[in-house]
Amino acid sequence: DVQLVESGGGMVQPGGSLRLACETSGFDFRQYSMTWVRRPPGRGPEWVSIINADESNLFYAEFAKGRFTISRDNAKRAVYLQMTNLKPEDTGVYYCTSKGVGHRDYWGQGTQVTVLA
């Protein structure tokens with residue numbers, strides 16, 4: 001069965017940093033793009049970033065450009081999101097997703113990120 005487990009969230013002051021991790025199992029990780037999606041309080045999910053299978057293409061939402069960095073380690077079957085200069089509006093639950101496994105996207109349980117105002 002497909003498993004995605006996020007970690008690394010926490011509470012930080014504005015301007016602080018966090019590094020999120022997502023460990024995966026149950027599918028051929030090396031062949032699939034991975035994304036990060038977040039859900040802020042009171043709003044629906046919003047896309048953050050995507051990285052393709054061989055790391056040759058990386059894209060970011062406008063709010064993430066210059067502050068967030070996505071990466072992956074295919075040997076460890078893991079994807080990461082390094083976040084710097086965090087702002088209160090970055091608060092939310094962050095999820096990693098696998099794109100297109102079995103013609104659907106799988107989500108993990110998410111990890112809470114709170115940036116104090």
Side-chain angles (χ1 to χ4, degrees):
D1 54 329
V2 173
Q3 285 258 348
L4 308 173
V5 181
E6 300 95 337
S7 63
M11 183 178 295
V12 298
Q13 297 286 340
S17 299
L18 288 171
R19 183 175 184 262
L20 309 184
C22 175
E23 300 177 327
T24 76
S25 61
F27 67 102
D28 191 354
F29 178 84
R30 297 169 182 252
Q31 297 188 14
Y32 292 92
S33 294
M34 298 293 296
T35 75
W36 286 95
V37 178
R38 72 185 187 185
R39 184 161 190 162
R43 301 205 302 273
E46 55 188 31
W47 173 78
V48 176
S49 185
I50 186 168
I51 184 169
N52 73 339
D54 68 0
E55 308 176 51
S56 62
N57 286 288
L58 298 79
F59 298 96
Y60 298 90
E62 188 64 32
F63 63 78
K65 291 178 180 177
R67 299 191 298 126
F68 296 2
T69 302
I70 191 170
S71 61
R72 68 190 294 160
D73 186 333
N74 284 346
K76 295 181 178 179
R77 304 174 60 87
V79 63
Y80 307 93
L81 187 70
Q82 178 69 45
M83 304 186 293
T84 62
N85 192 23
L86 285 162
K87 305 173 181 180
E89 52 262 44
D90 293 320
T91 292
V93 181
Y94 284 68
Y95 304 87
C96 65
T97 78
S98 56
K99 184 178 179 182
V101 179
H103 297 96
R104 59 163 288 179
D105 291 348
Y106 286 86
W107 294 50
Q109 291 295 308
T111 186
Q112 176 70 43
V113 171
T114 301
V115 185
L116 299 173

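Below, all heavy atoms of this structure are taken into account, side chains as well, without hydrogens, waters or symmetry copies.
Summarising the geometry of Ser33 relative to Ala53, their closest heavy-atom pair is OG-N, 4.2 Å, with the distance given to 0.1 Å. Pro14 approaches Leu116 most closely through the heavy-atom pair CG-O, 2.9 Å. Shown here for Val48 and Ala64, the closest heavy-atom pair between the two residues is O-CB, 4.1 Å. The two residues Leu18 and Val113 make their nearest non-hydrogen contact at CD1-CG1, 3.9 Å. Here the closest heavy-atom approach between residue Val79 and residue Ser71 is recorded as CG2-O, 3.1 Å. Taking all atoms of both residues into account, the shortest heavy-atom contact from Tyr32 to Lys99 is CD2-O, 3.3 Å.
Judged by distance alone, with hydrogens and angles left aside, the side-chain atoms of Tyr60 form a donor-acceptor pair with the main-chain N or O of Ile70 at under 3.5 Å. In this structure, Asp105 contributes its side chain and Thr97 its backbone to no donor-acceptor pair below 3.5 Å. Remark: the backbone N or O of Phe59 is paired with a side-chain donor or acceptor of Ser49 at under 3.5 angstrom. Counting only distance, with no hydrogens or angles, the side chain of Thr24 and the backbone of Ala78 share no donor-acceptor pair below 3.5 Å.
Counting heavy atoms from C-beta outward, Phe29 and Asn74 have side chains that approach closer than 4.5 Å. In this structure, Trp107 and Pro45 have side chains that are in contact, with non-hydrogen atoms separated by less than 4.5 Å. Taking 4.5 Å as the limit, every side-chain heavy atom of Thr114 sits out of range of all side-chain heavy atoms of Val12. A 4.5 Å side-chain heavy-atom check between Met34 and Ser98 finds at least one atom pair inside the cut-off. Put simply, the side chain of Met11 does not reach to within 4.5 Å of the side chain of Val115, judged on heavy atoms. Counting heavy atoms from C-beta outward, Tyr94 and Met83 have side chains that approach closer than 4.5 Å. Arg77 is not listed as a side-chain neighbour of Glu23, based on a closest heavy-atom distance of 4.5 Å or more. Residues Val37 and Arg39 are not in side-chain contact: their nearest non-hydrogen atoms beyond the backbone lie 4.5 Å or more apart.
To the nearest 0.5 Å, atoms CG (Asn57) and CD1 (Ile51) are separated by 9.5 Å. A distance of 7.0 Å separates OG1 in Thr111 from CD in Glu6, rounded to the nearest 0.5 Å. Rounding to the nearest 0.5 angstrom, the gap separating the CG atom in Leu20 from the SG atom in Cys96 is 9.5 Å.
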Practice item. Given side chain to side chain contact (heavy atoms under 4.5 Å, CB included), test Tyr80 with Asp73 step by step and report yes or no. Key: CA-CA 8 Å; Tyr80 307 93; Asp73 186 333; 4.1 Å; yes
Point to revise | Verdict with reasoning, Phe68 to Leu81, per side chain to side chain contact (heavy atoms under 4.5 Å, CB included) | key: CA-CA 7 Å; Phe68 296 2; Leu81 187 70; 4.2 Å; yes
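Residue Glu55 qualifies as enclosed at atom CD: its count of foreign heavy atoms under 6.0 Å is above 12.
Arg38 forms a cation-pi arrangement with Phe63, by the criterion of a distance under 6.0 Å to the ring centre and an angle within 45° of the ring axis. Relative to the six-membered ring of Tyr106, Arg104 meets both conditions, a distance below 6.0 Å and an angle of at most 45° to the axis.
Between Arg67 and Asp90 there is a salt bridge, since at least one side-chain N of the basic residue sits less than 4.0 Å from a carboxylate O of the acidic one.
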